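All values derive from a computational prediction rather than experimental measurement.
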Amino acid sequence: MNFFLQSISYIFHPLLMPLTGAIIYFIAAPRFIPIDIIKDKVFGLTVLTILIPIVLFFFLKSIGTITSIHLKQIKQRRIPLLLQAILLVVVIKIIIDVYHYPELYFFFLGVLFSSLSAIFMLLFNIKASLHMIGISAVTMFTIAISIHFSVNLTLLIAGLMICNGLVATSRLHFKAHSNLELILGFLIGIIPQLTLVNFWL
């Protein structure tokens with residue numbers, strides 16, 4: 001059981017969630033998008049949201065700023081979250097434009113707002129669950145896509161809801177977060193997506 005729940009923490013790591021949302025969009029969107037463009041976008045997102053953060057993680061770890069990829073301590077979260085926010089701004093400015101991909105643009109804008117909200121929480125010594133922020137944001141975005149494009153994503157949405165529960169269970173099992181921190185993470189992930197959906201739904 002420990003191995004399974006530990007695996008959940010890695011499979012649904014916050015770094016992977018923005019790319020997951022983009023892939024769901026490219027698969028579910030009924031509009032025609034050339035495969036070469038999709039590959040370029042996915043590659044760019046992989047570099048900016050996964051590879052660069054991993055490189056930065058090892059750099060920060062080497063200088064003693066952080067000790068774990070899960071950022072268990074509040075003081076270790078500030079710099080990584082600020083760097084992530086900067087990278088999300090680059091994504092919005094360079095990779096995903098609002099004119100061709102409005103749904104995806106506002107998804108990443110919502111993720112940026114969620115990151116800024118998590119940073120704000122740190123000012124009050126509250127470490128909202130980044131895992132819950134990531135998975136709940138993708139879940140809300142998938143629900144909105146299903147409604148917007150009138151595509152049946154019921155099984156995917158049900159699976160994502162189960163994943164929300166598994167992620168919360170995993171974080172509680174390893175005492176990484178309290179119930180309040182998980183609830184805050186869930187709300188911080190959902191609310192920006194639910195708010196910005198008004199601009200494209």
Side-chain angles (χ1 to χ4, degrees), residues 10-29 31-60 66 69-71 77-122 128-145 148-149 156 160 163 167 185-186 188-201:
Y10 286 99
I11 293 172
F12 298 101
H13 192 276
L15 285 182
L16 302 177
M17 293 300 98
L19 180 61
T20 301
I23 291 174
I24 291 173
Y25 169 79
F26 286 127
I27 292 175
R31 64 168 57 103
F32 173 73
I33 305 175
I35 189 65
D36 289 339
I37 291 180
I38 293 177
K39 289 180 179 178
D40 289 342
K41 299 297 182 184
V42 170
F43 176 75
L45 291 173
T46 301
V47 171
L48 285 170
T49 64
I50 298 177
L51 297 183
I52 291 180
I54 288 176
V55 171
L56 291 173
F57 161 74
F58 283 110
F59 171 72
L60 293 173
I66 59 178
I69 196 170
H70 294 301
L71 306 176
R77 293 183 163 222
R78 294 166 185 157
I79 294 178
L81 281 175
L82 284 171
L83 292 174
Q84 182 193 37
I86 293 171
L87 289 172
L88 287 169
V89 170
V90 174
V91 167
I92 292 170
K93 291 291 185 180
I94 298 178
I95 305 295
I96 307 297
D97 65 89
V98 68
Y99 301 105
H100 294 93
Y101 315 99
E103 303 88 357
L104 202 53
Y105 174 88
F106 284 109
F107 167 66
F108 276 96
L109 187 60
V111 174
L112 174 60
F113 286 158
S114 293
S115 296
L116 295 175
S117 298
I119 294 172
F120 178 74
M121 288 291 176
L122 294 178
S129 173
L130 301 180
H131 282 76
M132 289 306 299
I133 290 175
I135 189 64
S136 64
V138 171
T139 302
M140 186 66 245
F141 180 59
T142 303
I143 293 171
I145 284 179
H148 179 60
F149 291 123
L156 177 58
L160 286 171
C163 291
V167 169
F186 181 78
I188 290 173
I190 281 186
I191 291 175
Q193 297 298 328
L194 193 58
T195 303
L196 293 173
V197 79
N198 293 299
F199 292 97
W200 59 269
L201 188 60

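The line from CD1 of Ile135 to OG1 of Thr20 is 7.5 Å long, rounded to the nearest 0.5 Å. Interatomic distance, CG of Leu19 versus CG of Leu48, reported as 11.0 Å (0.5 Å rounding). From Ile119, atom CD1 reaches atom CG of Leu82 across 4.0 Å, with rounding to the nearest 0.5 Å. With rounding to the nearest 0.5 Å, the separation of OH in Tyr25 from CD1 in Ile145 is 7.5 Å. From Thr46, atom OG1 reaches atom NZ of Lys39 across 13.5 Å, with rounding to the nearest 0.5 Å. In this structure, Leu88 CG and Leu45 CG are separated by 10.0 Å, a value rounded to the nearest 0.5 Å.
Annotation for His131 and Val167: closest pair CB-CG1, 3.5 Å, computed over non-hydrogen atoms. For the residue pair Arg31 and His100, the shortest heavy atom distance occurs at NH1-O, 4.5 Å. The shortest heavy-atom contact between Val138 and Met17 is CG2-O, 3.4 Å. Annotation for Leu112 and Ala85: closest pair CD1-O, 3.5 Å, computed over non-hydrogen atoms. Nearest heavy-atom pair, Ile133 versus Ser114, reported as atom, atom and distance to 0.1 Å: CG2-CB, 3.7 Å. When all heavy atoms of Pro102 and Trp200 are compared, the pair lying nearest together is O-CD1, 4.4 Å.
No side-chain heavy atom of Leu83 sits less than 4.5 Å from a side-chain heavy atom of Pro53. With contacts defined as side-chain heavy-atom distances shorter than 4.5 Å, the pair Phe59/Val55 does not qualify. By the 4.5 Å heavy-atom criterion applied to side chains, Ile33 and Phe26 are counted as neighbours. Put simply, the side chain of Phe199 does not reach to within 4.5 Å of the side chain of Leu109, judged on heavy atoms. When side chains are defined from C-beta on, Ile143 does not count as touching Leu160, because their heavy atoms never get closer than 4.5 Å. Phe106 is not listed as a side-chain neighbour of Gln193, based on a closest heavy-atom distance of 4.5 Å or more. Side-chain atoms of Pro34 and Ile37, non-hydrogen and from C-beta on, do get closer than 4.5 Å to each other. Under the 4.5 Å side-chain criterion, counting only non-hydrogen atoms from C-beta, Arg77 is in contact with Leu130.
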- [ ] Determine, step by step, whether Val91 and Leu87 satisfy the side-chain contact (heavy atoms from CB on, under 4.5 Å) criterion, reporting the C-alpha distance in whole Å, the side-chain angles of both residues, the deciding distance to 0.1 Å, and the verdict.
- [x] CA-CA 6 Å; Val91 167; Leu87 289 172; 5.6 Å; no
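When the options Tyr105, Phe108, Phe107 are evaluated for a ring pair (Phe, Tyr, Trp, His ring centres under 6.0 Å) with Phe141, the one that passes is Phe107.
With Lys41 contributing its side chain and Ile96 its backbone, the two residues share no donor-acceptor pair below 3.5 Å.
Ile79 CD1: 12 or fewer foreign heavy atoms inside a 6.0 Å radius.
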